[in-house]
Amino acid sequence: SASDPATATAKKIVIKQVTVIGGGLMGSGIVQVAAATGHTVVLVDQTEEILKKSRKGIEDSLKRVAKKMFADKPEASSQFIEKTLKNITVSTDPASVVHSADLVVEAIVENLDVKNELFNRLDKFAPEHTIFASNTSSLPITQIANSTSRQDRFGGLHFFNPVPMMKLVEVIKTPMTSQKTFDSLMDFSKALGKTPVVCQDTPGFVVNRLLVPYMLEAVRLYEKGHASKEDIDVAMKLGAGYPMGPFELLDYVGLDTSKFIIDGWHKGDPDNPLFAPSPLLDKLVEEKKLGRKTGEGFYKYH
Ligand code: 3HC
């Protein structure tokens, strides 16, 4: 019967072939982890140049992972790297590759119109069974899903930076996401060696909803002169056990990304003091001091 767990399992989609759109830090990380766990992955981005850079990033990160996994076995290590890279192909044309995908994961720019345009187009090229997922950290999954006619086969898969190291995946269910789709996304997350948690389609899901206001509050504390940023970082590392302090983490995530998230929430809920913009964060972003990636944010990097 339909309620028989064996039948229910059989009805889930076993995700083997994955298309990842977006070769930035998150997209590359997702590709790497999926390929390393035996999935066939196509990485898509706009130019060969970007794809080349993504591939280089994946190779570098794989080397770090392999070094840890196969400490004194250089042969096993290079075999693992080679096998993983073999699972990855690249393309600049998503419409021409999604025909073989069980899952499409989108990790492109955080712009609703751009995401909607992409998914609307891919909806026409992807097979019936293909599940679509967005790695957005701040936009409502429902609004992205609505650009397709497969809202039941649409969910959120939210990864964390650095993807190869962070064990969590937030699996986001919209009111339209089917149980079958949801189960398939949960299983896929586990197949990646990650721990999934269930999230509703609410701003920031769980992690960012707690983490971003916390980081912003640290900036406000510093702006008010209540403590130095160095001391706040030391305090949260040694007093709360965080691997990075809030300023180190802001620089790591990117100040532009953090500002984008808080600005979006502020727009939607202007009276919520947790979502209030930070003049200092705004100033640094305006000066193009975006964190590690530009060489300077709250701290300088050389
Ligand atoms: N790829 C592969 N391995 C990596 C890696 C990467 N990108 N980054 C770190 N590692 C591994 C390596 O094995 C490295 O050893 P190696 O330097 O010899 O290669 C080892 O981790 C240790 O790294 P580090 O010495 O550089 O530093 P740490 O011990 O502090 O670990 C960290 C780095 C795992 C990033 C840790 O600092 C951490 O967990 N920081 C917090 C990260 C966090 O909170 N992320 C979530 C951000 S929010 C988000 O992503 C949501 C989005 O929507 C905004």
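Counting starts at 1 for both ligands and their atoms, following the listed order. These numbers come from the heavy atoms of this one structure, side chains and all, not from hydrogens, waters or symmetry mates.
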- Message: Run the side chain to side chain donor-acceptor pair (under 3.5 Å) test on Lys173 and Gln179 for me, step by step, so that the C-alpha distance in whole Å, both residues' side-chain angles and the decisive distance to 0.1 Å come before the verdict.
- Response: CA-CA 9 Å; Lys173 220 178 153 166; Gln179 191 62 40; 3.2 Å; yes

- Message: Does Gln46 form a side chain to side chain donor-acceptor pair (under 3.5 Å) with Thr92? I'd like the steps, not just the answer.
- Response: CA-CA 5 Å; Gln46 286 170 337; Thr92 52; over 6 Å; no

- Message: Walk me through whether Thr40 and Gln17 qualify under side chain to side chain donor-acceptor pair (under 3.5 Å).
- Response: CA-CA 5 Å; Thr40 308; Gln17 312 221 45; 4.5 Å; no

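Distance check for atom 29 (O) of ligand 1: every protein heavy atom is found at 4.0 Å or beyond. Per-atom contact check: atom 19 (O) of ligand 1 touches the protein, criterion being a heavy-atom distance below 4.0 Å. Distance check on atom 8 (N) of ligand 1: some protein heavy atom falls below the 4.0 Å cut-off. At a distance under 4.0 Å, no protein heavy atom can be found next to atom 25 (O) of ligand 1. At a distance under 4.0 Å, no protein heavy atom can be found next to atom 32 (C) of ligand 1. Protein heavy atoms are found inside the 4.0 Å sphere centred on atom 47 (C) of ligand 1.
Between Thr257 and ligand 1, not a single N/O pair is under 3.5 Å apart.
Look at Glu248 and you'll find every heavy atom at least 4.0 Å from all atoms of ligand 1. Within the structure, ligand 1 lacks Tyr242 among the residues with a heavy atom less than 4.0 angstrom away.
Gln32 and Thr84 form no side-chain donor-acceptor contact under 3.5 Å, judged by distance and modelled atom types alone.
Those atoms of ligand 1 with a heavy atom of Phe160 less than 4.0 angstrom away are 49 (C), 50 (O), 51 (C).
With Phe159 as the aromatic partner, Lys194 does not meet the cation-pi criteria of under 6.0 angstrom to the ring centre and within 45 degrees of the ring axis. A cation-pi arrangement, defined by a distance under 6.0 Å to the six-membered ring centre and an angle within 45 degrees of its axis, is absent between Lys237 and Tyr242. Judged by the 6.0 Å distance and 45° axis criteria, Arg153 is not positioned over the aromatic ring of Phe132.
The residue from Lys67, Arg64, Met215 that puts a heavy atom closest to atom 17 (O) of ligand 1 is Arg64. By heavy-atom distance, the residue among Leu249, Ile261, Asn208, Asn135 lying nearest atom 44 (O) of ligand 1 is Leu249. Atom 53 (O) of ligand 1 has its nearest heavy-atom neighbour, among Glu110, Met166, Glu170, His158, in His158. Considering each of Lys63, Met165, Lys68, the one bringing a non-hydrogen atom nearest atom 34 (C) of ligand 1 is Met165. Around atom 38 (C) of ligand 1, the closest heavy atom drawn from Gly204, Pro243, Gly29 belongs to Pro243.
No side-chain heavy atom of Val98 sits less than 4.5 Å from a side-chain heavy atom of Thr130.
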